[in-house]
2 protein chains.
Amino acid sequence: MLGRMGLSIGQVAERTGLSVHALRFYEKEGILAHQVHRGPGGRRIYTQQDVDWLRMCIMLRMSGMPVPEIRRYTELVRQGDGNEPQRLDILKEHQERVRQQMVQLQECMDLITYKVGKYEDYVNSIAARAVGQ
Amino acid sequence: MLGRMGLSIGQVAERTGLSVHALRFYEKEGILAHQVHRGPGGRRIYTQQDVDWLRMCIMLRMSGMPVPEIRRYTELVRQGDGNEPQRLDILKEHQERVRQQMVQLQECMDLITYKVGKYEDYVNSIAARAVGQ
DNA sequence: ACTTGACCTGGAGCCGACTCCAGTTCGTAG
DNA sequence: CTACGAACTGGAGTCGGCTCCAGGTCAAGT
């Protein structure tokens with residue numbers, strides 16, 4: 001169905017892990033590098049490039065980039081050559097935020113690991129005592 | 001004011017970075033290891049232990065633990081000795097989630113760094129060309 | 001021809017985690 | 001004594017990011 005070059009929204013949902021709802025939502029929000037093509041009956045036909053683009057957007061989302069900023073980036077790409085410095089700005093800014101996020105997360109991890117260690121020691125010591133050592 | 005052993009909600013907000021709103025919200029949600037003491041006039045008086053506890057909760061929140069799970073953990077602590085294994089379970093589960101989160105974030109970071117590199121190269125090559133090299 | 005399941009649209013609903021509002025009270029400084 | 005900022009309560013509002021609903025269309029299989 002659809003020939004081997006086009007994908008239905010359901011197939012894209014499978015391949016990306018997004019729901020069909022989310023896919024339509026992203027489209028409405030202007031998060032597709034190119035207007036998605038429609039087949040007869042008005043059904044969306046996605047290309048492999050669309051899937052690749054979505055996968056990158058998913059990475060940006062997962063790392064906390066808000067939808068409006070992804071839209072700005074998408075618009076720059078849509079406008080074509082000449083605005084690479086702006087795209088770079090967006091990416092670098094986001095990179096910095098992700099870096100900070102990772103630092104924070106590492107701090108949290110350190111605390112959690114410390115607590116887990118303490119509780120493990122304690123629980124083990126109780127267990128040992130129960131066995132009569 | 002309040003003597004040197006008690007802190008007002010505003011002072012706790014300052015020390016933790018939470019808003020006074022958030023502090024009342026957390027209390028309502030059962031995220032305080034011990035019932036917060038009230039002064040004359042019904043005003044909350046926090047202790048340093050409350051602040052320490054809140055700081056830990058903030059770490060849990062920052063790393064994505066939902067409020068209801070923090071509440072469960074808090075309740076266990078409130079119940080006192082004997083449930084350390086359950087506390088440990090919650091912490092270990094969360095630790096694992098944070099680990100996965102960090103892996104994901106690192107993947108995102110790798111992609112972003114790759115793209116930043118490519119755009120930097122490109123932008124630099126354009127700049128160099130403009131200078132006539 | 002009919003059924004079934006995937007798809008369409010616009011708009012409403014939901015969830016988590018706050019955030020803010022209205023109306024009131026408290027307590028210290030001038 | 002008054003004025004001010006900070007605190008109090010319960011409940012409503014906000015925001016982001018989906019998720020779902022109603023009501024309808026389409027297309028492939030039997």
Side-chain angles (χ1 to χ4, degrees), chain A residues 1-4 6-32 35-47 50 54 57-74 94 97 101 104 108, chain B residues 1-4 6-32 35-47 50-51 54 56-74 94 97 101 104 108:
Chain A
M1 45 148 87
L2 283 183
R4 72 200 41 165
L7 297 166
S8 73
I9 195 169
Q11 290 172 318
V12 174
E14 261 176 37
R15 279 165 178 68
T16 59
L18 294 168
S19 69
V20 297
H21 303 296
L23 283 168
R24 290 194 277 247
F25 171 73
Y26 278 15
E27 183 180 336
K28 211 168 19 171
E29 292 294 310
I31 292 184
L32 278 177
Q35 177 107 3
V36 62
H37 184 231
R38 299 298 183 112
R43 296 184 175 202
R44 290 170 180 83
I45 298 174
Y46 293 84
T47 63
D50 291 327
L54 280 166
C57 291
I58 289 167
M59 290 298 234
L60 295 177
R61 274 294 305 120
M62 273 196 341
S63 52
M65 186 183 281
V67 167
E69 191 163 349
I70 301 181
R71 172 166 50 232
R72 262 183 285 138
Y73 183 72
T74 302
H94 185 58
R97 279 197 306 260
Q101 232 187 113
Q104 275 194 341
C108 298
Chain B
M1 43 147 90
L2 283 185
R4 72 200 43 166
L7 298 165
S8 72
I9 196 169
Q11 289 172 317
V12 174
E14 261 176 37
R15 279 164 178 67
T16 59
L18 294 167
S19 69
V20 296
H21 302 297
L23 283 168
R24 290 194 278 248
F25 170 73
Y26 278 14
E27 183 181 337
K28 211 169 19 174
E29 293 293 309
I31 292 184
L32 278 176
Q35 177 105 5
V36 63
H37 184 233
R38 299 298 183 113
R43 297 184 175 202
R44 290 170 180 82
I45 299 173
Y46 293 84
T47 63
D50 291 326
V51 174
L54 281 166
M56 201 211 25
C57 292
I58 289 166
M59 289 297 234
L60 295 177
R61 273 294 304 120
M62 272 197 342
S63 51
M65 186 182 282
V67 166
E69 192 163 349
I70 301 181
R71 172 165 51 231
R72 262 184 284 137
Y73 183 72
T74 303
H94 185 58
R97 279 196 306 260
Q101 231 187 112
Q104 276 194 341
C108 299

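Each chain gets a letter, A, B and so on, in the order the sequences are listed, and its residues count up from 1.
- For residues 65-73 of chain B, proximity to DNA chain D is found at no residue, defined as any non-hydrogen atom under 4.0 angstrom from a strand atom.
- The shortest distance between the side-chain N/O atoms of R43(B) and the OP1/OP2 oxygens of dC26(C) is not below 4.0 Å.
- Between G64(B) and G42(B), the residue anchored closer to the 5' end of DNA chain C is G64(B), taking for each the nucleotide with the nearest heavy atom.
- Atom pair R61(B):CZ and dG16(C):P shows a separation of 11 Å (rounding to whole Å applied).
- Atom CZ in R38(A) sits about 13 Å away from atom P in dC26(D), given to the nearest Å.
- Within the 4.0 Å cut-off from OP1 or OP2 of dC8(C), at least one side-chain nitrogen or oxygen of R44(A) is found.
- Residues V12(A) and L54(A) meet the side-chain proximity criterion, which asks for heavy atoms closer than 4.5 Å.
- E69(B) is linked by a side chain to side chain donor-acceptor pair (under 3.5 Å) to R97(B), counting only residues two or more places apart in sequence or in another chain.
- For L7(B) and dA7(D), the CG to C1' distance is 15 Å, given to the nearest whole Å.
- Side-chain contact check for L18(B) versus F25(B): every heavy-atom pair is 4.5 Å or farther apart.
- With sequence neighbours left out, the side chain to side chain donor-acceptor pair (under 3.5 Å) criterion links T74(B) to no other residue.
- Residues in residues 19-29 of chain B take part in these side-chain hydrogen bond (donor to acceptor under 3.5 Å, both in side chains) pairs, two or more places apart or across chains: E27(B)-R38(B), E27(B)-R44(B), E29(B)-R71(B).
- For residues 15-30 of chain A, proximity to DNA chain C is found at R24(A), defined as any non-hydrogen atom under 4.0 angstrom from a strand atom.
- With sequence neighbours excluded, no residue forms a side chain to side chain donor-acceptor pair (under 3.5 Å) with T16(B).
- Residues L23(B) and A13(B) approach most closely at CD1-N, 3.6 Å, considering heavy atoms.
- When each of dT9(C), dC26(C), dG27(C) is scored by its nearest atom to the side-chain atoms of P40(B), the top-ranked nucleotide is dG27(C).
- Judged purely by distance below 3.5 Å, without hydrogens or angles, the side chains of S63(B) and H94(B) pair a donor atom with an acceptor atom.
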